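Below, each value reflects all heavy atoms present in this structure, side chains not excepted, and no hydrogens, waters or symmetry copies. Model, not experiment: these values are computed from the prediction. We're numbering straight along the sequence, starting at 1. Whatever order the structure lists them in is the order used to number ligands and atoms, beginning at 1.
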Amino acid sequence: MLNDLTVRMEAIVKKLRGEGKLSEENIKESLREIRRALLEADVNFKIVKSFINNVQNKAIGSEVLKSLTPGQQLVKVVHNELISLMGDKLLSLNLPHNRINKIMLVGLQGSGKTTFCAKLANFYRKKGNKPVLTACDVHRPAAVDQLKTLGKQLDLPVIHHPSNKVSKIATESIQYAEKNLNDLIIFDTAGRMHIDQEMMQEVLLLKEQVKPDYILFVADAMSGQDAVNVAHEFNIQLEFDGVVLTKLDGDARGGAALSIKAVTNKPVIFAGIGEKINDIEEFHPDRMASRILGMGDILSLIEKAEASVDEEQALKISKRLKKNLFTLNDFYDQLQQLKKMGPLDQIIKMMPGMESKMLKNVDISGNETNEIEAIISSMTYNEKEKPEIINGSRRKRIASGSGTSIQSVNKVLKQYDHMKSMIKKMNKGMKPGKMKFMGK
Ligand SMILES: Nc1nc2c(ncn2[C@@H]2O[C@H](COP(=O)(O)OP(=O)(O)OP(=O)(O)O)[C@@H](O)[C@H]2O)c(=O)[nH]1
Ligand SMILES: [Mg+2]
């Protein structure tokens with residue numbers, strides 16, 4: 001997905017994240033590179049200009065958080081700007097079951113409307129809606145058959161009519177939905193190579209007739225700025241509610257994904273990511289921004305860490321750690337903290353000077369934390385404070401008390417030992433302030 005842009009941005013981000021100090025010069029250099037990357041991704045030049053301006057103003061004005069390096073901080077600003085460029089947050093359609101919701105799909109020929117009708121029907125059926133597909137593309141002879149085939153595949157009704165009159169088909173589909181208690185009608189419409197008045201007239205009439213709850217403009221992400229221009233034109237004439245970006249799985253450069261919201265002021269709601277029925281995703285601007293910057297969930301980890309870490313507590317625990325006072329009680333508290341923040345190895349990767357391979361033997365994940373918690377809870381206060389007193393018979397008692405096995409108890413003690421030795425290593429190489437991510 002948006003491979004070239006991602007590769008470029010990843011390289012910029014990688015360089016930036018390592019920067020302990022940012023000078024005006026290296027900020028400028030990074031912004032120049034980002035600008036180039038966006039332009040090459042076919043993002044509208046006006047949008048690129050205001051994007052770079054915003055980043056520059058925010059990067060210079062913002063206070064550097066203690067928990068981030070200046071490089072990370074700039075990445076965060078870029079990330080936030082990308083999110084707001086693509087629409088801040090996910091917008092979901094509201095399709096209550098107690099009425100007939102109508103969604104109309106419009107767009108140019110080959111953009112993926114018909115395919116997306118099926119994807120959308122399947123998507124909402126999984127959420128409990130009862131959809132009907134309506135074949136209002138009466139121009140291309142095979143269009144009705146295409147939708148019929150998709151309907152058959154999904155075992156969903158497809159409404160069509162030999163008269164090939166759009167208004168007639170629309171009326172029939174509403175009657176069908178009323179009779180069969182369907183709560184969702186999806187209207188497929190005809191596309192053209194270019195915007196032409198006949199097509200526009202047809203969709204305008206359909207809009208007038210059925211009064212859709214949502215009109216979604218389907219845009220082929222591969223066609224970059226062209227898609228954005230067409231979207232603009234459709235929006236002026238038809239006033240759609242949101243955008244579906246299809247073919248994001250291909251080698252789309254990003255121009256459409258990054259510009260369409262800014263140009264039309266309508267959010268991208270869905271992404272098509274393949275030819276199959278299940279190749280549909282809700283479009284999350286934040287995840288997309290993270291993908292583009294090639295940082296997966298690292299940024300949300302930074303945010304989670306910022307939100308969940310209490311400075312004072314962090315200082316307290318980092319003092320304890322500094323003195324190598326790391327008991328099983330602390331281990332337990334750390335687990336609670338980590339559960340809030342996510343996988344340990346990713347957190348470690350964010351900590352300067354740490355590598356995830358150091359964690360090889362402290363692989364604590366998901367379900368395992370529950371067992372560890374049970375085991376530690378079965379220990380006495382003394383055992384937790386002085387783990388070295390946990391001998392064979394105590395291990396046996398803890399195992400039966402926690403409903404686990406002696407092996408599991410041994411494993412937890414081993415993990416604790418590893419974490420303790422890791423902390424010792426960290427204490428040698430880090431300043432206490434940096435312990436924040438491990439803090440409580
Ligand atoms: N790779 C990929 N291909 C897609 C996606 N969506 C649709 N396609 C393909 O794009 C082609 C056109 O899709 P259609 O759904 O027929 O497009 P349309 O907008 O209905 O086209 P017209 O009815 O001619 O206006 C088909 O070959 C689809 O399989 C997608 O998200 N990814
Ligand atoms: Mg079609």
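Atoms of ligand 1 found under 4.0 Å from any heavy atom of S111, numbered from 1 in the order shown, are 17 (O), 19 (O). Set against the non-hydrogen atoms of I273, the atoms of ligand 1 under 4.0 Å away are 31 (O). Numbered from 1 in the order shown, with element, the atoms of ligand 1 that lie under 4.0 Å from a heavy atom of G191 read 25 (O). Listed by atom number, the atoms of ligand 1 under 4.0 Å from T114 heavy atoms are 15 (O), 18 (P), 20 (O), 23 (O). Of all the atoms in ligand 1, the ones that sit under 4.0 Å from a non-hydrogen atom of D137 are 23 (O).
Among protein heavy atoms, atom 23 (O) of ligand 1 sits closest to R140 NH2, 3.2 Å. Residue, atom and distance of the protein heavy atom nearest to atom 29 (O) of ligand 1 are E275 OE1, 2.7 Å. Ranking protein heavy atoms by distance to atom 17 (O) of ligand 1, first place goes to G112 N, 3.0 Å. The protein atom (non-hydrogen) at minimum distance from atom 15 (O) of ligand 1 is T115 OG1, 2.5 Å. Regarding atom 1 (N) of ligand 1, its nearest protein heavy-atom neighbour is D249 OD2, 2.8 Å.
Applying the side chain to side chain donor-acceptor pair (under 3.5 Å) test to every pair with at least one member in residues 36-48, sequence neighbours left out, gives these pairs: R8-E40.
Under 4.0 Å from ligand 1, the heavy atoms of K119 that appear belong solely to its side chain. Contacts between D279 and ligand 1, counted as non-hydrogen atom pairs separated by less than 4.0 Å, are absent for every part of the residue.
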Trace of the side-chain hydrogen bond (donor to acceptor under 3.5 Å, both in side chains) decision for K126 with N278: CA-CA 11 Å; K126 285 189 197 154; N278 283 319; 3.0 Å; yes
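Counting only distances under 2.8 Å, and ignoring water, the protein N, O or S atoms around the Mg ion (ligand 2) are T114 OG1.
Side chains of T189 and E202: no donor on one and acceptor on the other come within 3.5 Å. Side-chain polar atoms of E371 and S408 form a donor-acceptor pair below 3.5 angstrom. Side chains of S402 and E373: a donor-acceptor N/O pair is absent below 3.5 angstrom, by distance only.
Under the side chain to side chain donor-acceptor pair (under 3.5 Å) criterion, Q109 pairs with no residue at all, not counting sequence neighbours. For R140, the side chain to side chain donor-acceptor pair (under 3.5 Å) partners are Q146, not counting sequence neighbours.
Side chain of D4 to backbone of T6: no donor-acceptor contact under 3.5 angstrom is found.
Taking NE2 of H160 as the start and CG of L133 as the end, the distance is 11.0 Å to the nearest 0.5 Å. One distance of note links CD1 of I372 with OH of Y332; it measures 11.0 Å at 0.5 Å rounding. Separation of atoms CD (E239) and CG (L204) is listed at 10.5 Å; rounding is to 0.5 Å.
For K266 and F240, the positive end sits near the middle of the six-membered ring, less than 6.0 Å away and at most 45° from its axis.
Scanning G274, G272, G110 for the heavy atom closest to atom 30 (C) of ligand 1 points to G274. The closest heavy-atom contact to atom 18 (P) of ligand 1, among the options K113, E281, H139, comes from K113. Taking only non-hydrogen atoms, the option from K276, Q146, K247, Q109 nearest to atom 11 (C) of ligand 1 is K247.
When each of N265, I260, V263 is paired with H232, the side-chain contact (heavy atoms from CB on, under 4.5 Å) condition holds for V263 and for no other.
In this structure, D220 falls outside the shell of residues with a heavy atom less than 4.0 angstrom from ligand 1.
In summary, the aromatic rings of F217 and F234 are positioned with their centroids under 6.0 Å apart.
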